[in-house]
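Input: a single structure, listed below in C-alpha cells.
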Protein chains: 2
Amino acid sequence: MNKRSAEETKQQILVAARKTFAGQGYAQANMRRIALEAGISVGGVYLHFKNKEELYQTLQREWMDQLNRNTINALRDSSEPAEAIASFITTSIEFVRCNREMINLTGRETNFSFNSELKRGFFRERRRLIADLIDQGIAAGTFRPCDSAEAARIIFNILRGFVLSMVIDEDALFSPEGCVDLVLNGLVRREKQ
Amino acid sequence: MNKRSAEETKQQILVAARKTFAGQGYAQANMRRIALEAGISVGGVYLHFKNKEELYQTLQREWMDQLNRNTINALRDSSEPAEAIASFITTSIEFVRCNREMINLTGRETNFSFNSELKRGFFRERRRLIADLIDQGIAAGTFRPCDSAEAARIIFNILRGFVLSMVIDEDALFSPEGCVDLVLNGLVRREKQ
DNA sequence: GAATCTCCTGAACAATCGTTCACATGAACA
DNA sequence: TGTTCATGTGAACGATTGTTCAGGAGATTC
C-alpha cells in the first residue's frame, strides 16, 4: 500500500476538496469524488476529517487567513487615506482574481448556516476596517464628512458583487482602478480641482 | 376529489415553489415538499411542469419581468441624469427589499448553467441601461467624462452585492440614499460647490 | 347512461449520497 | 518474531431524491 504521512494525506485531501467543491459546489461535490481526486478511499477521508462539513469549514478558514494577511501587508505601506482605500480595494480584487478556486467555493454557497456564522464575523471585521479608513480620511480633511459606516457597507458590497460576478458572469467584472476612481470621486463633475 | 382548474393549480404550485425554493435553496427543496405545500400530489406537479428545472425557470422569468416593468416606470419620470441614476438605484433596492422570496431564490443559486444563461442576458441589459444613463449625464455636462461602461459595471455590482447581503447577512445592507450619494459624489471632499 | 377528456394520486423505481465498520497493511518497537 | 498502532480499504447501510406510470375520479358531451 502506498502509505503517506497523515499530514501529507490531509493536505492532498484539502487540495482535492478545494478543486471539487469549487467545480461543483458543496451540494454536488461528493465524498467519493474528493477521495478519488485525493488518491485515497472514502473511508480514508473520514479518518482525517469528521465529515463533509468540517472539510468545507477548513477550506473556508484557510482563505480568510490568507486575505487577512494580504490586507494587513497592503495597508502597512499606505499613509494617505485615499491611498489606503485604494489599497484595500485593489488588494481585495487582486486576491479574488488570484484565488478563483477559493472564490468559486465561497461565492457559490450561500445556503449553510454553519457557513454563515464564520463568514459573517469575518466580513463584519472587514467593514469595520473600511469605516476606520474613511474616518481617518474625514479627520484628515481629505474626505468630506459622511456616514463612514454606511459608506463602508457600500464599498464592501461592491467587492461582494465582484465575487459573485466572478462566479456567475465575468462580463460584469470591473478594474480596481475604475472602482477606486468612482468611490473616491463619484460621477458628478467637480467644479474646480 | 377537490378539483381546481388547471391554471389555478399551476399558480398554487408556483406559490409553493417560490416559498420552498426561497426557504431551502434549489438543491434542498424537493418536489414532494413543493407538492405538499401546493396541496397536490407529486405526480400532479409533473402534470403542470416538465420537471424541477422548468419550475425554477418559470419563477426566474417572473421576477425579471416585474423588475423590468418597475424600472421602466421609474425612469419615465426622471429627466436629469443624476435623478435617473438615483431612480435606478432606488428602484432596484426597493424591488429587492419588497421581494425577499424571489431574491432568496435567486441570490442563493449561483450554480446552474441553465440558470446563468437567462440571468446573464438580463443583467447585461441592465448594465447597458446604466451606461446609457451615465453617457447622457456626460453629454449634458453634469457628469465628468469617464468610462461609462466601467462605471455601470461598478454600480451594477453594488446592487449585486446588496442582493447577496440580503441573503447571507443583513448587517451589510445599506440605504438607497447613501448609495446614491456615494456614487454621485464620491468620498473625496469637493473644493468648491 | 355511456364515452371521453381533464386533472389528479401515490406507490414504485432508479440513482445518488454521507457515513460506517469489519478488515487489511506496513512500520515501529519489544 | 510477535505485538501494537497508525493508516487505509471499499462493500454495505440507510436515507433522500427526481421522475414515472398504472390507475382513478369528476366533469362534459353525446
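Below, all heavy atoms of this structure are taken into account, side chains as well, without hydrogens, waters or symmetry copies.
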For B:L47 and D:dT19, what is the distance between atoms CG and P respectively, to the nearest whole Å? 15 Å
Against the six-membered ring of A:F49, is A:K10 placed for a cation-pi contact (under 6.0 Å from the centre, within 45° of the normal)? yes
Whether the A:E150 and B:S175 side chains hold a donor-acceptor pair (N or O, under 3.5 Å, no angle test) is what I'd like checked. yes
B:E7 has an atom CD; how far is it from atom C1' of C:dT6, in whole Å? 15 Å
Please give, in whole Å, the distance from D:dG10 P to A:I40 CD1? 11 Å
Is B:R126 positioned over the aromatic face of B:F156, cation under 6.0 angstrom from the ring centre and no more than 45 degrees off axis? no
Go along nucleotides 16-22 of chain C 5' to 3' and tag each nucleotide: B for a protein heavy atom under 4.0 Å from its base, S when only backbone or sugar atoms are that close, - otherwise. -BBBB--
Using the test salt bridge (Lys or Arg N to Asp or Glu O under 4.0 Å), find all partners of B:R97 that sit at least two apart in sequence or belong to another chain. B:E94
Compare side-chain N and O positions of B:T9 against OP1 and OP2 of C:dC8 and report whether any pair is under 4.0 Å apart. yes
Report the distance from atom CD of A:Q12 to atom C1' of D:dT7, rounded to the nearest whole Å. 14 Å
Side chains of A:T91 and A:T71, donor plus acceptor under 3.5 Å: no
Drop me the distance from B:L67's CG to B:C98's SG, to the nearest 0.5 angstrom. 11.5 Å
